Amino acid sequence: MKQKNTTQVPVPTHDFRVLLSPTPRGARLARLLAVEWLRDRELPYDVAGAAPQVVAELAANAATHGRVGGRNFRLVLRVSPEALRIEVTDTRAEALPQLRTPAPDEESGRGMLLVAALADRWGTVLGPVPQKTVWAEFDVTGRPASKRLVTGAVVGLLK
């Protein structure tokens with residue numbers, strides 16, 4: 001009798017990748033596509049709600065600060081059993097994001113503070129030249145199970 005090889009294959013990650021124009025319209029499309037892609041994933045409620053905001057901010061930064069004429073930015077969403085990872089790659093490696101505290105009357109400069117507050121961790125990876133990738137991760141293990149907002153609303157109405 002032949003013995004079967006029963007090697008376990010690790011659960012694959014599921015990726016979403018898209019190239020978008022570095023414009024306000026491209027940044028908006030990044031958020032809309034992320035919302036649709038995340039809708040079909042079993043993610044904790046708080047992650048599913050915060051992730052599109054992080055995508056919007058990183059995409060807006062790529063369209064504003066990482067813009068180079070004729071070059072797109074790339075959005076990657078990757079979910080594994082442990083984490084959701086958001087990556088936005090543009091072609092301005094010299095324009096690194098920074099956490100800073102803007103003056104109260106400034107109209108911009110709070111984006112990375114928002115990313116840092118919502119995500120579990122974030123960072124930047126350089127290369128290949130002239131690219132940089134700004135990433136943010138959300139832990140999905142150890143959080144409450146996914147809920148549908150509609151379910152909570154219906155339960156609240158029935159009380």
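Because the structure is a prediction, the values reported are computed rather than measured.
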Closest contact, heavy atoms only, A56 versus R31: CB-CD, 3.7 Å

Kindly indicate whether the side chain of T124, heavy atoms from C-beta on, has any atom under 4.5 Å from the side chain of W135. no

Does the R25 side chain pair with the main chain of S21, one donor and one acceptor, at a distance under 3.5 Å? no

Closest heavy-atom contact between P24 and A63? N-CB, 4.5 Å

Atom pair CG/CG of L75 and L58 - distance to nearest 0.5 Å: 9.0 Å

Check: H65 main-chain N/O paired with R92 side-chain donor or acceptor under 3.5 Å: yes

So does V54 get a backbone contact from the side chain of E57, meaning a donor-acceptor N/O pair under 3.5 Å? no

For side-chain contact (heavy atoms from CB on, under 4.5 Å), just list the numbers for N72 and L20, CA-CA rounded to whole Å, side-chain angles, deciding distance to a tenth of an Å, and then say yes or no. CA-CA 5 Å; N72 295 330; L20 297 162; 5.9 Å; no

Looking at side-chain heavy atoms only, is the closest gap between L33 and V18 below 4.5 Å? yes

Can you tell me if R74 uses its side chain to pair, donor with acceptor, with the backbone of T89 under 3.5 Å? no

List the steps and the verdict of side-chain contact (heavy atoms from CB on, under 4.5 Å) for M112 and W122. CA-CA 9 Å; M112 292 312 294; W122 72 276; 3.3 Å; yes

Euclidean distance, E82 CD relative to R85 CZ, rounded to 0.5 Å: 13.0 Å

W37 six-ring centre to R41 NZ/CZ under 6.0 Å and within 45° of normal: yes

Between V134 and V115, is any pair of side-chain heavy atoms under 4.5 Å apart? no

Does the side chain of I86 come within less than 4.5 Å of E137's, by heavy atoms? no

Derivation and outcome, side-chain contact (heavy atoms from CB on, under 4.5 Å), residues Q131 and T91: CA-CA 4 Å; Q131 297 178 348; T91 53; 4.2 Å; yes

If hydrophobic clusters are built from ILVMFWY residues whose side chains come within less than 4.5 Å, do V35 and L29 share one? no

Counting only heavy atoms not in E106, do more than 12 sit closer than 6.0 Å to its CD atom? yes

Indicate if V76 and V55 have the same hydrophobic cluster label, given that clusters are the connected sets of ILVMFWY residues with side-chain heavy-atom separations under 4.5 angstrom. no

Checking D120 side chain against D139 main chain: does a donor-acceptor pair fall under 3.5 Å? yes

Determine, stepwise, if the pair L84 / L38 fulfils side-chain contact (heavy atoms from CB on, under 4.5 Å). CA-CA 10 Å; L84 167 67; L38 291 167; 3.9 Å; yes

Output the distance between atom CZ (R110) and atom CG (L99), rounded to the nearest 0.5 Å. 13.5 Å

R100 and L113: which non-hydrogen atoms are nearest, and at how many Å? O-CD1, 3.2 Å

When rounded to the nearest 0.5 angstrom, what distance separates CZ in F73 from CG in L19? 9.5 Å

Look at the side chain of K132 and the backbone N and O of A95, then say whether any donor-acceptor pair between them is shorter than 3.5 Å. yes

Side chain to side chain, N61 and V88, heavy atoms closer than 4.5 Å: no

For a quick test of reading the model, state the closest non-hydrogen atom pair linking A119 to A136 and the distance between them. CB-CB, 3.9 Å

Should we say atom CZ of R28 is surrounded by more than 12 heavy atoms from elsewhere, each under 6.0 Å from it? no

